[in-house]
Amino acid sequence: MRDILGVNCFSHDTAACLLREGRIVAFAEEERFNRERHTKRFPDTAIAWCLEQGGVGLNDVDAVAFAHRPGLDFARGALDALRRAAPKRLAVQAATDANLARKELAFRRRWGFRGRIVHVGHHDAHAAAAFYPSPFGEAAVLTLDRGGDFLSTTMQHGQGTRLRELAAVRNPASLGEVYSAFTWYLGFLPNADEGKVMGLAPYGEDKLVPELADMVRHTPDGAFRVNFDWFGYQRQSGWFSRRFGDRFGPPRRPESELTELHQNLAYAVQDVIEEAALHVARRLRQRTGSRNLCLGGGVALNSVMNARLLREAGFEHVFVQPAASDAGNALGAALWLWHQRLGNPREEAMEHAFWGPEFTPRACEEALERRGLRAEQVHDAPAQAATLLAESRIVGWFQGRAEVGPRALGNRSILADPRRAGMKDVVNARVKRREAFRPFAPSVLHERGTHWFEDYYPNPFMLLVLPVRPERRQLIPAVTHVDGSARLQTVTLGFNRRFHRLLVEFERRTGVPVVLNTSFNLRGEPIVLTPDEAVHDFLASDMDALFLGDLLVRKPRRR
């Protein structure tokens with residue numbers, strides 16, 4: 001067996017990944033192609049691109065690995081629905097399972113696929129995507145999400161090419177569901193905007209923590225139970241119960257004022273999730289004896305939680321794969337088949353996230369020509385960009401292959417000067433056009449990380465929140481959150497040569513080895529994929545300059 005196509009198509013964030021002899025050839029999310037955030041549409045375009053990148057047709061691959069086991073979600077869910085006397089949820093579960101079967105049949109017919117299909121459990125795929133790309137030969141593996149195959153959490157032990165499940169928590173007990181419920185109540189979009197709740201939490205205080213701590217109860221075996229007196233999602237009768245509504249009132253209307261109550265609720269749910277995850281992770285540490293922790297599932301995108309697990313659960317090292325949510329299950333399903341089922345040795349750790357499409361210089365030129373824009377060819381784009389950033393210009397930075405995952409890591413980024421206190425408000429209001437409370441990430445030279453951040457730990461995929469050193473906070477106010485923290489990205493020469501050089505050049509001009517880095521998209525959009533999309537967002541916002549590779553377009557300086 002040589003080529004395996006991994007597919008996540010039975011949930012949100014659909015994606016495809018092509019492995020060749022255990023190595024990633026191509027890995028992309030469907031949302032980047034169809035421009036629908038967290039899309040549930042079948043990833044036909046992502047599949048087609050992965051196959052094109054690998055120079056094969058679908059019937060040339062040795063197997064297609066789907067991140068779903070047919071019937072398992074329904075079998076487990078039906079038993080629970082009957083136990084809870086929840087006929088509505090039973091009907092939803094049956095309809096969902098039938099729809100998944102139709103999707104797989106339609107895939108075979110649409111693509112004319114006659115080959116082998118392998119079904120991989122949802123959390124098995126999460127665990128595989130977390131462990132096999134890690135640099136660890138052995139690790140504790142913790143997967144946390146809303147649910148899949150009627151599991152919300154698994155505790156596993158990875159050793160070499162093998163993963164072994166030690167324990168699991170079944171739905172509807174789910175840290176992901178609890179967090180999504182609060183995301184909805186706070187006026188945001190569940191399964192999409194949980195990061196906004198994480199960003200809002202530091203504005204709150206711990207006034208509601210004692211009352212709401214009972215929402216998730218820790219069990220002696222290292223697991224947890226959800227107190228369903230507060231919730232309704234387990235019966236398909238809304239996110240919360242009447243008790244919650246009577247206590248806290250109606251949910252916030254989207255775009256309305258955020259009050260002290262909303263801030264304190266965000267603080268409380270963040271604390272509840274962190275404490276539950278710590279309880280589970282500490283038990284997993286005891287059971288495995290491992291110093292290494294791998295995290296997977298959508299909850300593993302909670303970078304504040306991740307940092308606490310590293311700091312307080314007893315582990316020395318942590319790895320979180322950049323596409324930790326369901327998109328990563330395309331990678332995980334393929335890796336699970338290659339290693340767990342077939343026993344093949346591990347070839348390489350994931351050292352970067354640039355597995356998506358790239359575009360030729362001519363394609364970039366044509367995108368500019370279509371909008372009547374004139375560009376200049378620059379001989380040193382990183383140095384030129386650093387000069388503009390040092391002048392407090394806002395720069396669109398479009399380079400090479402697209403990142404996979406929800407974070408911009410230096411190839412599809414909007415960059416700005418972190419030294420200017422008002423830059424956060426400018427980028428939020430005039431470029432991203434999003435909520436004013438939301439923080440921005442710093443990208444920092446790895447070799448300078450310890451000088452700027454406390455408890456420094458390498459974090460190339462922007463999935464840890466660490467404290468900015470107190471004496472440095474006034475130097476980079478645009479990327480220092482209200483509580484003095486930052487969700488940093490560390491950049492090495494090997495990770496991204498051009499972006500590393502940009503940071504070196506910015507430090508040379510300013511003395512600061514940090515730039516503000518946010519994803520290249522406007523509010524409500526996926527990260528841009530193509531030069532045309534980058535040009536559109538450049539013209540539709542107050543970015544000052546755009547680099548498409550070595551092509552530079554400038555706008556007149558704002559007064």
Side-chain angles (χ1 to χ4, degrees), residues 120-145 147-149 151-170 173-176 216 218-224 273-325 328-329 331-333 335-336 339-340 343 345-346 348-351 455 457-461 463-466:
V120 179
H122 184 90
H123 278 269
D124 289 335
H126 274 318
F131 175 60
Y132 292 128
S134 80
F136 311 135
E138 173 275 334
V141 183
L142 177 59
T143 68
L144 300 160
D145 68 1
D149 293 339
L151 298 177
S152 73
T153 304
T154 68
M155 290 166 271
Q156 304 197 31
H157 192 194
Q159 295 175 293
T161 64
R162 308 298 297 172
L163 278 160
R164 180 168 59 94
E165 185 179 297
L166 304 176
V169 178
R170 289 194 176 192
S174 167
L175 301 184
V216 178
H218 305 172
T219 58
D221 60 353
F224 59 86
I273 297 308
E274 288 178 21
E275 291 296 329
L278 269 170
H279 172 69
V280 176
R282 285 168 175 154
R283 177 60 174 160
L284 180 58
R285 168 76 174 89
Q286 292 174 353
R287 293 193 64 174
T288 62
S290 181
R291 299 179 303 161
N292 307 314
L293 175 65
C294 297
L295 296 168
V299 178
L301 294 177
N302 191 309
S303 44
V304 177
M305 177 197 77
N306 295 346
R308 279 200 71 188
L309 297 184
L310 174 61
R311 189 169 61 245
E312 300 178 36
F315 295 98
E316 298 177 21
H317 307 287
V318 67
F319 177 81
V320 190
Q321 188 258 121
S325 68
N329 276 1
L331 170 65
L335 287 173
W336 187 93
H339 296 300
Q340 181 83 353
R346 295 163 66 185
E348 58 184 359
M350 182 183 281
E351 296 181 347
D455 304 321
Y457 189 87
N459 180 28
F461 302 132
L463 287 167
L464 293 174
V465 168
L466 301 178

Side-chain atoms of residues 156-164: list all donor-acceptor pairs with protein atoms under 3.5 Å, sequence neighbours left out, distances to 0.1 Å.
| residue | atom | partner | partner atom | Å |
| --- | --- | --- | --- | --- |
| Q156 | NE2 | T154 | OG1 | 3.2 |
| H157 | NE2 | E138 | OE2 | 2.8 |
| R162 | NH1 | Q340 | O | 2.4 |

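Shown here are the side chain to side chain contact (heavy atoms under 4.5 Å, CB included) partners of V299, two or more places apart in sequence or in another chain: L144, I273, M305. With sequence neighbours left out, Y132 forms a ring-ring contact (aromatic ring centres under 6.0 Å, His included) with H339. For R283, the side-chain hydrogen bond (donor to acceptor under 3.5 Å, both in side chains) partners two or more places apart in sequence, or in a different chain, are Q286. In this structure E165 satisfies the salt bridge (Lys or Arg N to Asp or Glu O under 4.0 Å) test with no other residue, sequence neighbours excluded. Judged as a side chain to side chain contact (heavy atoms under 4.5 Å, CB included), and not counting sequence neighbours, the contacts of S134 are F131, F136, C294, F319, R346. Under the side chain to side chain contact (heavy atoms under 4.5 Å, CB included) criterion, A281 pairs with L142, L309, A313, F315, not counting sequence neighbours. Residues forming a side chain to side chain contact (heavy atoms under 4.5 Å, CB included) with R311 (at least two apart in sequence, or on another chain): A307, R308, D455. With sequence neighbours excluded, the residues forming a side-chain hydrogen bond (donor to acceptor under 3.5 Å, both in side chains) with N302 are Q270, listed by chain and number. For R282, the salt bridge (Lys or Arg N to Asp or Glu O under 4.0 Å) partners at least two apart in sequence or on another chain are E312. Here H317 pairs with nothing under the ring-ring contact (aromatic ring centres under 6.0 Å, His included) rule; sequence neighbours left out.
The minimum heavy-atom distance between L301 and S325, with the atom names listed, is CD1-CB, 3.9 Å. Considering all non-hydrogen atoms of both residues, A125 and V120 come closest at N-CG1, 4.0 Å. The two atoms that bring G332 and A128 nearest to each other are O-CB, 3.3 Å, heavy atoms only. Of all heavy-atom pairs spanning L463 and N306, the tightest one is O-ND2, 3.0 Å. Of all heavy-atom pairs between A300 and V320, the closest is O-CG1, 3.7 Å.
In this structure the side chain of R287 never reaches within 4.5 angstrom of the side chain of M155, judged on heavy atoms. L175 places none of its side-chain heavy atoms less than 4.5 Å from the side chain of V280. Between D149 and H123, the closest side-chain pair of non-hydrogen atoms is not below 4.5 Å. Using a 4.5 Å heavy-atom cutoff, the side chains of F224 and V169 are in contact.
In terms of modelled atom types and a separation under 3.5 Å, the side chain of Y457 and the main chain of V318 share a donor-acceptor contact. The backbone N or O of G297 lies less than 3.5 Å from no partner atom in the side chain of T143, so there is not a single donor-acceptor pair. A donor-acceptor contact shorter than 3.5 Å links the side chain of N329 to the backbone of H122.
Within the structure, salt bridge (charged side-chain N to carboxylate O under 4.0 Å, His left out) contacts touching residues 289-305 (residues at least two apart or in different chains) are R291-E316.
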